[in-house]
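All figures in this text were calculated on a predicted structure; none of them were measured in a lab.
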Amino acid sequence: MERPGRRRFVQSLCRTAGVFLFDDIVSALALDVSFVNVARDAGLRHKTIYGSENRNKYLIETTGCGAAFFDYDGDGWLDIFLVNGTRFDAKWAAGAAPVSRLFKNNRDGTFTDVTIAAGVARTGWGSGCCAGDYNNDGHLDLFVTYWGDCALWKNLGNGKFVDAAPQAGVTTRTKTGLRRHNTGCAFVDYDKDGHLDLFVANYIDFDPKTAPLPESGPCKYKGLLVACGPPGLQGGKNILFRNNGDGTFADVSEKAGILNTPGTYGLGVIVADFDNDGWPDIYVANDSTSAALYRNNHDGTFTENAIERGAAYSADGKPQAGMGAGVADYDGDGRFDIVKTNFAGDTSSLYHGLADGYFEDQTLQAGLGRVTRFLGWGAAFADIDNDGWADIVLCNGHVYPEVGESAAESGYKQRKVVYRNLRNGKFAEISETLGPGIVEKVTGRGMAVGDFDNDGDLDLLVNCINDSPQLLRCESALKHNWLKVNLTGTKSNRSAIGARVICTAKIDGKPRRQMDEVRSGGSYLSQSDLRVHFGLGDAVSAALEIQWPSGLVKRLRDVKPNQILAVVEGE
């Protein structure tokens, strides 16, 4: 709970010193929430390997990989998947090669490594992951992107998976034979036929035999020789696979207009109905160029128009090194907004949604313009105090290990940045008040959000390159109410991806309207909890409106808080 004694003391102190302090800043200081890294005690002890630890030859060694909170066994508890990488010219001893890992939730705060038993142990340059039941069999599947051939882990429903990518037709090699660096991904039913399609972003078409070395450029960053790119390297093209409804996919990238975009070097992918027309749109954070916004035309095609709609550049019209992206209606106006992480020396971007899918850059006005020394990756809106207003969590770490731990731009390892929603269109940075899990410096990359212990607080899962992962458990003394909505489609796709949930409740004596969607992929190359979460503050009940992709609408009244509510389409 907030501490009025402390509040009055700070106000009095500031008046005495002749300093005018806004109420919203004082309120931000009083938040009583902490994040603690419990990864080791929970059983997440394997190190993620990604390139050389001290010096990188190639750009591919710098980007790292994602993480997933997803319930693969359907027991109502979030399991964990951590994408892993490898190293060039590494000679691994038998059984020592790094593999992506799957951990089963034991429902007691710990996890069991089931990687081998589940059949998902694969070594390679892993990148991103996204979840969805692509064959509507009731078992959640997982797509994992790689430099090279990706994996479609088909869930067999008995604790085991099989890679169905070749048979399903989701191959990702270029026509010239170059290996794509596939990155962010998302399952999305873009044509609303009840079958999940698949969108895959691409960074570069990479061949180490022809890629420039740091010395050959020379490629320098503040006097240091570093990996070259992405400018000067062959940018990748994004891919859209349409689900044929029989377990296979067809590449419709050209036909659907996905290839028609000025931006390239794609990384983070986020899906939402930005223009409120009932059809999912796709946003891609691009490195060193304009971001991409694919607007759904309702006829199986997309029009890329991020520049025209105001979500492509910085406020001064410059391209940025975009990494990850998150979506929420942070001010309750019924339109989705976007937060995007960028390179060091730049701010993160906050695009405020306007009518008909247009945006305005509110980075400076909202208070996100003061922090420029971090290099951002994972990005998410998350109501960390369950007050009914979405906060912002950003995961950071420098791209070049050569930077080391010097004071330059906060070094290679960096803390996270958290902005509290002040409920007036503005945010206050409160990172250093949120406990050791937030302020610990790590080489953060992918970040997923979810409630792994089902206590109603949102926790964080962070994949760190060349280090152990973080599992940040949220510990809150605020005792605010909450509600989770777990949807199952029947006419719509089984995972209910794309379904919109509107929650209305009276919080602090005032009506508060929240909105979110079931979403595959997001943040930076990661998968967050598919259950839709709402903080309810002191509300004693809520009303829900569920808009299914099929067009069905379900309304529920007097829903009690502090529960995980399961809703099946049509029931």
Side-chain angles (χ1 to χ4, degrees), residues 33-50 64-85 98-118 120-121 126 129 131 140 142 144 159 161 377-378 380 382 384 393 395 397 413 415-416 418 434-477 482 484 523-531 533 564:
V33 172
S34 179
F35 287 87
V36 179
N37 185 10
V38 298
R40 187 165 187 82
D41 291 340
L44 309 182
R45 301 174 184 176
H46 291 280
K47 184 177 180 178
T48 296
I49 302 297
Y50 219 91
C65 42
F69 271 136
F70 80 123
D71 182 10
Y72 82 91
D73 53 1
D75 66 351
W77 294 76
L78 292 178
D79 309 298
I80 286 174
F81 185 83
L82 294 166
V83 183
N84 213 331
V99 296
S100 298
R101 294 194 174 271
L102 177 65
F103 296 89
K104 176 178 169 54
N105 194 324
N106 298 326
R107 313 183 198 182
D108 60 1
T110 68
F111 293 79
T112 297
D113 188 339
V114 296
T115 305
I116 303 301
V120 296
C129 55
L140 204 54
L142 190 70
V144 183
F161 292 78
W377 300 90
I384 62 172
V393 183
C395 177
K413 296 183 177 182
R415 68 166 171 85
K416 289 159 195 63
V418 180
L434 293 176
I438 298 297
V439 299
E440 179 186 4
K441 294 183 177 181
V442 298
T443 52
R445 293 296 189 266
M447 179 182 71
V449 180
D451 183 4
F452 79 87
D453 50 5
N454 282 342
D455 66 351
D457 299 321
L458 291 177
D459 312 302
L460 305 174
L461 174 66
V462 179
N463 208 346
C464 307
I465 62 172
N466 293 316
D467 206 346
S468 301
Q470 287 185 307
L471 180 61
L472 304 184
R473 186 183 66 212
C474 180
E475 298 181 350
S476 174
W482 54 273
K484 295 186 195 300
S523 183
Y524 179 74
L525 315 185
S526 295
Q527 174 67 58
S528 293
D529 191 352
L530 287 172
R531 301 175 298 186
H533 176 95
I564 301 172

Would you check if [X] and [Y] make a side-chain contact, meaning some heavy-atom pair closer than 4.5 Å?
X: Phe81; Y: Ser100; value: yes
X: Glu440; Y: Gln470; value: yes
X: Val418; Y: Phe35; value: no
X: Leu102; Y: Phe111; value: no
X: Ile465; Y: Trp377; value: no
X: Val462; Y: Met447; value: yes
X: Leu525; Y: Val83; value: no
X: Tyr50; Y: Thr443; value: no

Tell me if a side-chain donor or acceptor on [X] pairs with a main-chain N or O of [Y] at a distance below 3.5 Å.
X: Asn84; Y: Arg101; value: no
X: Asn106; Y: Asp108; value: no
X: Ser526; Y: Tyr524; value: yes

Is the number of heavy atoms from other residues, nucleotides or ligands under 6.0 Å of Arg40 CZ greater than 12? no
If you look at every heavy atom in [X] and [Y], which pair is closest and at what distance?
X: Gly76; Y: Arg531; answer: O-NH1, 3.5 Å
X: Leu140; Y: Phe161; answer: O-CE2, 4.0 Å
X: Ile384; Y: Leu434; answer: CD1-CD1, 4.0 Å
X: Ser34; Y: Pro436; answer: OG-CD, 4.1 Å
X: Pro469; Y: Ala39; answer: O-CB, 3.4 Å
X: Gly126; Y: Cys65; answer: O-CB, 3.7 Å

Test side chain to side chain contact (heavy atoms under 4.5 Å, CB included) on His46 and Asp113; report intermediate values, then the result. CA-CA 10 Å; His46 291 280; Asp113 188 339; 3.3 Å; yes
Starting at [atom1] of [X], measure out to [atom2] of [Y] and round the result to the nearest 0.5 Å.
X: Leu461; Y: Leu82; atom1: CG; atom2: CG; answer: 5.5 Å
X: Thr110; Y: Asn105; atom1: OG1; atom2: CG; answer: 7.5 Å
X: Arg445; Y: Asn463; atom1: CZ; atom2: CG; answer: 10.0 Å
X: Leu472; Y: Ile438; atom1: CG; atom2: CD1; answer: 5.5 Å

Candidate pair Asn466 and Thr48, rule side chain to side chain contact (heavy atoms under 4.5 Å, CB included), full reasoning: CA-CA 5 Å; Asn466 293 316; Thr48 296; over 6 Å; no
Reference residue Phe70; test side-chain contact (heavy atoms from CB on, under 4.5 Å); the match among Leu530, Leu142, Ile80: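 One option only clears the test, and that one is Leu142.
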Filter on salt bridge (Lys or Arg N to Asp or Glu O under 4.0 Å), then keep only pairs touching residues 449-466, sequence neighbours left out; what's left?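 Non-adjacent pairs meeting salt bridge (Lys or Arg N to Asp or Glu O under 4.0 Å): Asp451-Lys484.
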Test log, rule side chain to side chain contact (heavy atoms under 4.5 Å, CB included), inputs Phe69 and Val449: CA-CA 7 Å; Phe69 271 136; Val449 180; 5.7 Å; no
Could you go step by step and tell me if Val442 and Lys416 meet the side chain to side chain contact (heavy atoms under 4.5 Å, CB included) rule? CA-CA 9 Å; Val442 298; Lys416 289 159 195 63; 3.7 Å; yes
What side chain to side chain donor-acceptor pair (under 3.5 Å) pairs are there with at least one residue in residues 68-77, not counting sequence neighbours?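 Of all non-adjacent pairs touching residues 68-77, those that pass side chain to side chain donor-acceptor pair (under 3.5 Å) are Asp73-Lys104, Asp75-Arg107.
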